[in-house]
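Proteins come first, then strands; the chains are lettered A, B, ... in the order of their sequence lines, and each starts at number 1.
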2 protein chains.
Amino acid sequence: MKSEDFDGIMAGLTDAVAYAKGDAMRGRIVAGPDVKAIRQATKLTQGAFAKAYRIPVGTVRDWEQNRRQPDAPARVLLSLIKADPAAIQSLLDKA
Amino acid sequence: MKSEDFDGIMAGLTDAVAYAKGDAMRGRIVAGPDVKAIRQATKLTQGAFAKAYRIPVGTVRDWEQNRRQPDAPARVLLSLIKADPAAIQSLLDKA
DNA sequence: GCTGATTTACGGCATTGCCGTATAGTCGCA
DNA sequence: TGCGACTATACGGCAATGCCGTAAATCAGC
């Protein structure tokens, strides 16, 4: 198991504990798309991801920190990126 | 020339007049994506378009009426749809 | 002329988009 | 060990959008 996996598990545990305490502080337990996971799947930094898909960095940050929930159109875009990151990128470059 | 063309020309003229009068009422002269055009290229109604691409109808309406400017993530989605409507749809169905 | 479907037009509130900046963690290097 | 560069987290804050609802207008077919 890789070290990132551990981080993921810890995050999950932290959420579980927060949930048990009735403390929603860290974020919604069951929520929208996991932007961080989608981005990490592309192996890009927040900055690179933002540029690649033409989204303001600040917005990506808000999503990853669960400060803001991506709205409907944004969720569609994210699911497209998740489904086929490369295809979306090339489509974007050509456009 | 088709009748729709006339409508387009009229809209253009109306904008030009508004612009000359310094009256921005009707909308930005040079503006964001022409959502209506993008949708019509798919030959779908607002309702069908909304469902197909998982965007709330109300949002599509606001865009077409120039009441709201699609934000950055939405613009990306729209340009993807414009670039390859079919590809995006199938990607969405599979997701 | 009437009817159903599509679109336009608006009111309105909660929520997000987006920017800026300060703090913290990581890594390689002198 | 300490510095600089890079990446990510945290958060303040305002303008603007997302999204819903509904009434009026326009359109297509009977």
Residue Gln65(A), side-chain heavy atoms: nucleotide from dC19(C), dA10(D), dC19(D) that is nearest: dA10(D)

Report which part of the nucleic acid Arg75(A) touches: base, sugar-phosphate, or nothing (heavy-atom distance under 4.0 Å, all strands). nothing

Does OP1 or OP2 of dT7(C) have a side-chain N or O of Lys36(B) closer than 4.0 Å? no

Nucleotide dT6(C), atom C1' - distance to CZ of Arg61(B) in whole Å: 11 Å

Just how far, in rounded Å, is C1' of dC20(D) from CG of Asp62(B)? 10 Å

Classify the side chain of Arg68(A) versus the base of dG18(D) as yes if they form a donor-acceptor pair under 3.5 Å and no if they do not. no

Got a donor-acceptor pair under 3.5 Å from the side chain of Arg67(A) to the base of dG12(D)? yes

CD of Gln46(A) versus C1' of dG25(C): gap in Å, rounded? 13 Å

Tell me the interatomic distance from Asn66(B), atom CG, to dG18(D), atom C1', rounded to whole angstroms. 16 Å

Could you say whether Glu64(B) or Thr59(A) is positioned toward the 5' end of DNA chain C, judged by the nucleotide with the nearest heavy atom to each? Glu64(B)

Length of the line joining Leu78(B):CG and dT17(D):P, which is rounded to integer Å: 14 Å

Taking N and O atoms by type only, does the side chain of Arg39(B) place a donor or acceptor under 3.5 Å from a partner on the base of dT6(C)? no

Hydrophobic cluster membership, with links at side-chain heavy-atom distances under 4.5 Å among I/L/V/M/F/W/Y: are Leu44(B) and Leu91(B) in one? yes

Distance below 4.0 Å between Trp63(A) side-chain N/O and dT16(C) OP1 or OP2: no

Please test Ile88(B) against Val76(A) for side chain to side chain contact (heavy atoms under 4.5 Å, CB included), starting from the C-alpha separation and ending with a verdict. CA-CA 10 Å; Ile88(B) 300 301; Val76(A) 176; 5.9 Å; no

Short side-chain N/O contact to dG17(C) OP1/OP2 from Gln69(B), under 4.0 Å: no

Give a yes or no on whether the backbone of Leu92(A) and the side-chain of Arg54(A) come within a donor-acceptor separation of less than 3.5 Å. yes

Can you tell me if Tyr53(A) uses its side chain to pair, donor with acceptor, with the backbone of Leu78(A) under 3.5 Å? no

What is the distance from CZ of Arg54(A) to C1' of dG17(C), rounded to the nearest Å? 19 Å

Spacing between Leu77(A) atom CG and dG17(C) atom P, to the nearest angstrom: 11 Å

When you match Pro73(A) and Gly47(A) each to their closest nucleotide on DNA chain D, which lands nearer the 5' end? Gly47(A)

For the CD atom of Gln40(B) and the OG1 atom of Thr42(B), what is their distance to the nearest 0.5 Å? 8.5 Å

Looking at the base of dC18(C), is there any donor atom on it, or on the side chain of Asp71(B), that sits under 3.5 Å from an acceptor on the other one? no

